[in-house]
Amino acid sequence: MAIKNEFIKAQLDMQKQICLTNQFNAIKYVAGVDLAYYNVDGTEHAICAIVVIDYETKEVVEIASYTAQTTVLYIPGCLSFREVPIFLKANELLNTKVDLYIFDGNGYLHPRNMGLATHAGIILDLPTIGVAKNYFKVQDTDYIMPAPIKGAYENIIINGKVYGCVLRSRTNVKPIFVSIGNNIDLQTSRDIVIHLTSKESRIPLPTRLADIEANRLRKIAQTIK
DNA sequence: GCGACAG
DNA sequence: ATCTTGTCGC
């Protein structure tokens, strides 16, 4: 498939820019990013919602969103090319100077270590974390199920390299998959995800709120049709 | 041909 | 991701 090869070349080119160390002094504003999709007369549209919260008080600081027609189809491994352009437009509407972004999807846990969170992180040149609700198998490697206790985790090691981890964000609840995006390390990513996860959801608060906002806007757009 | 496949 | 109602359970 010609299109997919273009994406792979672009990912391989970006690969060498990934930063695996913390590049921040303090975290004040954290943004959660999520997209929702719907159709209008057979034309697919996407809504990107970004919700910024205060890392300590967890209060919502700002919400931004951007809707656009979809131009790129979804191909496993190439998700970022579909979602990053729309995310960047929504991000332009943000007034808050965000310290860290959390994406709904993988970062380093990707065939070329270039998932959504990493791709966006390199463009933003800011710290990002990828949090996926489902496992995206790389090189036929399975993950080890962590203990059913909040905070338990197992690193996902592929060919001797740590791609990310499976983290139990809530006791007795299906685990999530955490990986670095850019300008951050995995240990810190895990700590932050745990800090932002409570009994309301197994997903960290910023992305959970972004998910709710994106779907709220989608339902409104669908009833207007 | 069959199954897998972040969102 | 989305199409979709009720339903079992804390």
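Residue numbering restarts at 1 for every chain, and letters A, B, ... go by the order of the sequence lines. As a basis for the values below, the full set of heavy atoms in this structure was taken, side chains included, without hydrogen atoms, waters or symmetry mates.
- A/Y143 belongs to a hydrophobic cluster whose remaining members, ordered by chain and number, are A/L109, A/Y135, A/V138, A/M145, A/I156, A/I158, A/Y163, A/V166, A/F177; membership requires side-chain heavy atoms of ILVMFWY residues under 4.5 Å apart, directly or through intermediates.
- Both tests do not hold together for A/R168 against A/Y153: distance to the six-membered ring centre under 6.0 Å, angle to the ring axis within 45°.
- Partners of A/K174 by salt bridge (charged side-chain N to carboxylate O under 4.0 Å, His left out), not counting sequence neighbours: none found.
- Within the 4.0 Å cut-off from OP1 or OP2 of C/dC3, at least one side-chain nitrogen or oxygen of A/Q222 is found.
- As rounded to whole Å, 16 Å separates atom C1' of C/dT2 from atom CG of A/L73.
- For the 3.5 Å distance criterion, the side chains of A/Q187 and A/S189 fail to qualify, holding no donor opposite an acceptor.
- For the segment residues 146-158 of chain A, no residue has any heavy atom less than 4.0 angstrom from an atom of DNA chain C.
- Here A/Y29 pairs with nothing under the ring pair (Phe, Tyr, Trp, His ring centres under 6.0 Å) rule; sequence neighbours left out.
- Residues of residues 168-189 of chain A having a heavy atom closer than 4.0 Å to DNA chain B: none are found.
- Residue pairs meeting the ring-ring contact (aromatic ring centres under 6.0 Å, His included) criterion with at least one member in residues 183-203 of chain A, sequence neighbours excluded, are A/Y55-A/H195.
- With respect to A/L196, the side chain to side chain contact (heavy atoms under 4.5 Å, CB included) criterion is satisfied by exactly one of A/I102, A/V131, A/I203, A/T207: A/I102.
- In DNA chain C, no run of at least 3 Watson-Crick or G-U pairs (N1-N3 plus N6-O4 or O6-N4, or N1-O2 plus O6-N3, all under 3.5 Å) shows up, so the stem list is empty.
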Can you give each donor-acceptor pair under 3.5 Å made by side-chain atoms of residues 69-77 of chain A, sequence neighbours left out, with the distance rounded to 0.1 Å?
{"unit_1": "A/T70", "atom_1": "OG1", "unit_2": "A/E44", "atom_2": "OE1", "d": "3.3"}

Any chance you could list the contact pattern along nucleotides 2-7 of chain B? Use B for base contacts, S for sugar-phosphate-only contacts and - for none, protein heavy atoms under 4.0 Å, 5' to 3'. ---BBB
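- A/R112 and A/Q11 share a side-chain donor-acceptor pair at under 3.5 Å.
- Counting only residues at least two apart or in different chains, salt bridge (charged side-chain N to carboxylate O under 4.0 Å, His left out) contacts with residues 48-73 of chain A comprise A/K28-A/D54.
- B/dA4 and C/dC3 have their P atoms separated by 24 Å, with the value rounded to a whole Å.
- Using a 4.0 Å cut-off between a side-chain N of Lys or Arg and a carboxylate O of Asp or Glu, A/D104 and A/K133 qualify as a salt bridge.
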Base-pair string, DNA chain B, Watson-Crick plus G-U, cut-off 3.5 Å on both distances, | for inter-strand, is .......
Give the B/S/- string for nucleotides 4-10 of chain C, one per nucleotide from 5' to 3', where a protein heavy atom under 4.0 Å of the base yields B, of only the sugar-phosphate yields S, and otherwise -. -------
